[in-house]
**Q** 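Sharing a structure, written as C-alpha cells. Questions coming.
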There are 2 protein chains.
Amino acid sequence: MQNDHFQPHDHARCISTAVDAAERFCAAQGLRLTPVRRRTLEILLSEHRALGAYDILAKLDADGFGSQPPVAYRALDFLTANGFAHKVEALNAYVACTHPGADHAPAFLICRSCGVVEEAEAAPDKGPLARAAREAGFAIERAVVEAQGTCPACRSEHP
Amino acid sequence: MQNDHFQPHDHARCISTAVDAAERFCAAQGLRLTPVRRRTLEILLSEHRALGAYDILAKLDADGFGSQPPVAYRALDFLTANGFAHKVEALNAYVACTHPGADHAPAFLICRSCGVVEEAEAAPDKGPLARAAREAGFAIERAVVEAQGTCPACRSEHP
DNA sequence: CACTTAAATGATATAACATTACATATCAAC
DNA sequence: GTTGATATGTAATGTTATATCATTTAAGTG
C-alpha cells in the first residue's frame, strides 16, 4: 500500500498532491477541470471518508454552485470517469482517489467505526475471483472489491 | 466453481435444491420460512439474475401478498441474513444463493449482457485484498467482491 | 472578430431504492 | 385462553439517481 490513511498523516499534502495530479492529467488530456469539478474533488479530498452525492451537493450549493442533484452527479461522473474519484458501491457514496491519473482497479478497506476508506490495488488478474472467472470463461471488465471491517486505530481504541 | 449458470442447465433442479436446503436449514434452526419468505425465495430462484426489491414486490403483490416496500425488504432481510440470498451491491439488487445454509463469503460474476449472476467463493483470507488488509492491520468482517464483464455464452453470440 | 459547434451548466420533474413508524395478526409457550 | 414474541399490513417519508430541455460558456474556424 502506498499510504495508510487510518493513521495521522499530512493531509494537506494528500489534497495538494491529488489536485495537482488532476490538473496535470486534465491539461495533458485536454479535459476541463471546471470550478464545480475542481471544488467537488476538493470536497471529496477534505476527508478520507466516502461522501454521499447529496452531502456533496449541499456543500456545492453553499459555495454558490447549483443546488439540484445533476450538479453533483455530473461532477462525480467526470471525476470517476477520469479516475480522480471512485464510487463505493457498498455505501452508495464517493471517495477521492489518492493516486489518480492512471486507469487502475481500486479495492477498498472501509472502516465501519470511523468511516475512513483506504484504497488498495485490486490486482484484477490475481486472486480467487480471477481464477473462478478464468475457469468459467468469464471476461472481467470491472471489479468491485470492498472490504468492510475495523481499522487498527479504531480497534486499539475499543479493544 | 460448483456450477455454471451461464450455460443451459436443469434449472428446476436449482430451484428445488435451494428451496429444500432452505426448508431443512430453517427446520434445524427453528426459523420460520413463512409464505412470503418462501415465495420471495422462489421468485429469486426463478432466474439466475439479480432482481430489484420492487420487481420482487410487484410479484408478491400479484400473488396476493402486501404491496408496500417493507413486505419485500423484510423478506429479503430474512433471506440474506440466513444466507439464502445475497445483495449485489453494484446493482442494488438481489440474487438467490445456490448453495445456501452455511455462512459463506460470496463473490459474483455479473454478465453485463445477459444479466446472469454467478456466485463463486470469495476466499476472504486469500488474494491481494487480504494481503493489503494484513499489512494495514485491518480486520475484514465482510467483503463485497463483484466482477462485471461478459460471460462465455454472450461472447460467443456477439464476437 | 463573428460565427459555429460542442461541452458544460441550470432547473424541473420524476424514477428507483430503502426505511421509519405504527397498527394488526399469527404463533408458540405457559 | 392469555401472554409475549414474531411476523405482516399499510401509510408516510427518506435517500439515491436519472431524464429532459433550456441556457450559457468555451474552443475552433473563416
Side-chain angles (χ1 to χ4, degrees), chain A residues 22-23 26-41 43-44 49-82 84-95 115 144 146, chain B residues 22-23 26-41 43-44 49-82 84-95 110 115 117 144 146:
Chain A
E23 251 163 16
C26 287
Q29 304 288 313
L31 298 168
R32 291 165 56 194
L33 190 63
T34 61
V36 219
R37 291 168 176 178
R38 191 193 163 106
R39 183 75 192 110
T40 302
L41 178 57
I43 290 167
L44 286 174
R49 298 198 287 110
L51 297 176
Y54 281 72
D55 296 336
I56 292 162
L57 179 58
K59 301 197 192 216
L60 290 174
D61 188 17
D63 288 351
F65 298 97
S67 62
Q68 300 303 313
V71 169
Y73 283 105
R74 283 195 285 235
L76 289 167
D77 283 349
F78 173 84
L79 296 175
T80 54
N82 294 291
F84 305 141
H86 304 291
K87 180 172 187 185
V88 181
E89 297 288 351
L91 305 176
N92 291 323
Y94 304 83
V95 274
V144 172
E146 303 173 357
Chain B
E23 250 163 17
C26 287
Q29 304 288 313
L31 298 168
R32 291 164 56 191
L33 190 63
T34 61
V36 219
R37 292 168 175 178
R38 191 193 164 104
R39 183 71 193 113
T40 302
L41 178 58
I43 290 167
L44 286 174
R49 298 198 287 110
L51 296 176
Y54 281 69
D55 296 336
I56 293 162
L57 179 59
K59 300 195 194 216
L60 290 174
D61 187 18
D63 288 351
F65 297 98
S67 62
Q68 299 302 315
V71 170
Y73 283 105
R74 283 194 284 235
L76 289 167
D77 283 349
F78 173 85
L79 296 175
T80 54
N82 294 292
F84 305 141
H86 304 292
K87 180 173 185 185
V88 181
E89 297 288 352
L91 304 177
N92 291 323
Y94 304 82
V95 272
I110 306 160
V117 175
V144 172
E146 302 173 359

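Keep in mind that this is a model prediction, so the values were computed, not measured.
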**Q** Starting at atom CG of A/Leu76, determine the distance to atom P of D/dT18, rounded to an integer number of angstrom.
**A** 11 Å
**Q** Rounding to an integer number of Å, can you tell me how far A/Leu60 CG sits from C/dA11 C1'?
**A** 16 Å
**Q** Tell me whether the side-chain N/O atoms of A/Tyr54 come closer than 4.0 Å to OP1 or OP2 in D/dT15.
**A**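 For D/dT15, neither OP1 nor OP2 has a side-chain N or O of A/Tyr54 closer than 4.0 Å.
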**Q** Taking CG from B/Asp61 and C1' from D/dA11, how many angstroms apart are they, rounded to a whole number?
**A**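 To the nearest whole Å, that distance equals 15 Å.
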**Q** In whole angstrom, give the distance that lies between atom CD of A/Gln68 and atom P of D/dT20.
**A** 18 Å
**Q** What is the distance, to the nearest angstrom, from the CG atom on B/Leu33 to the C1' atom on C/dC27?
**A** 16 Å
**Q** For B/Glu146 and B/Glu89, work out which heavy atoms get closest and say how close.
**A**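 That would be OE2-N, 2.8 Å.
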**Q** Is any side-chain N or O of B/Tyr73 closer than 4.0 Å to OP1 or OP2 of D/dT10?
**A**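 It does not, given that no N or O in the side chain of B/Tyr73 lies less than 4.0 Å from OP1 or OP2 of D/dT10.
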**Q** What's the closest nucleotide to the side chain of A/Val36 if the choices are C/dT9, C/dA11, D/dA17?
**A**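 Nearest listed nucleotide: C/dT9.
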**Q** Calculate the interatomic distance between B/Glu89 atom CD and C/dC17 atom P; express it in whole Å.
**A**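 About 13 Å, once rounded to whole Å.
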**Q** If you find the nucleotide of DNA chain D closest to B/Asn92 and the one closest to B/Phe65, which residue's nucleotide is nearer the 5' end?
**A** B/Phe65
**Q** For A/Phe65, which of A/Leu57, A/Thr40, A/Val36 qualifies under side-chain contact (heavy atoms from CB on, under 4.5 Å)?
**A** A/Val36
**Q** Which heavy-atom pair separates B/Phe84 from B/Ala22 by the least distance, and what is that distance?
**A** CE2-CA, 3.8 Å
**Q** Among the candidates D/dA12, C/dT12, D/dG9, find the nucleotide nearest to the side-chain atoms of A/Pro70.
**A** C/dT12
**Q** Looking only at side-chain N and O atoms, does A/Lys87 come under 4.0 Å of OP1 or OP2 in D/dA17?
**A**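 For A/Lys87, the contact criterion (side-chain N or O under 4.0 Å from OP1 or OP2 of D/dA17) is met.
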**Q** Please classify the nucleic acid contact of A/Arg37 as base, sugar-phosphate, or nothing, using heavy-atom distances under 4.0 Å.
**A** sugar-phosphate
**Q** Mind checking whether A/Tyr54 and A/Tyr73 have parallel, tilted or perpendicular rings, split at 30° and 60°?
**A** perpendicular
**Q** If you assign B/Leu91 and B/Arg74 each to the DNA chain C nucleotide with the nearest heavy atom, which residue ends up on the more 5' nucleotide?
**A**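 The answer here is B/Leu91.
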**Q** Ignoring backbone atoms, establish whether A/Ser67 has a side-chain N or O less than 4.0 Å from OP1 or OP2 of C/dA11.
**A** no
**Q** Looking at B/Ala50 and B/Val117, what are the two nearest heavy atoms and their distance?
**A**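 Taking every non-hydrogen atom into account, N-CG2, 4.0 Å.
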**Q** Rounded to whole angstroms, how far apart are CG on B/Leu57 and C1' on C/dT19?
**A**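 So the CG-C1' distance, B/Leu57 to C/dT19, works out to 14 Å.
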**Q** Would you say D/dT6 has OP1 or OP2 under 4.0 Å from some side-chain N or O of B/Arg32?
**A**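 Checking B/Arg32 against D/dT6: no side-chain N or O falls below 4.0 Å of OP1 or OP2.
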**Q** Atom CG of A/Leu31 and atom C1' of D/dA26: how far apart are they, to the nearest Å?
**A** 14 Å
**Q** Need one value for B/Val71: base, sugar-phosphate or nothing, where a base atom within 4.0 Å counts as base even if backbone is also close, heavy atoms only.
**A** base
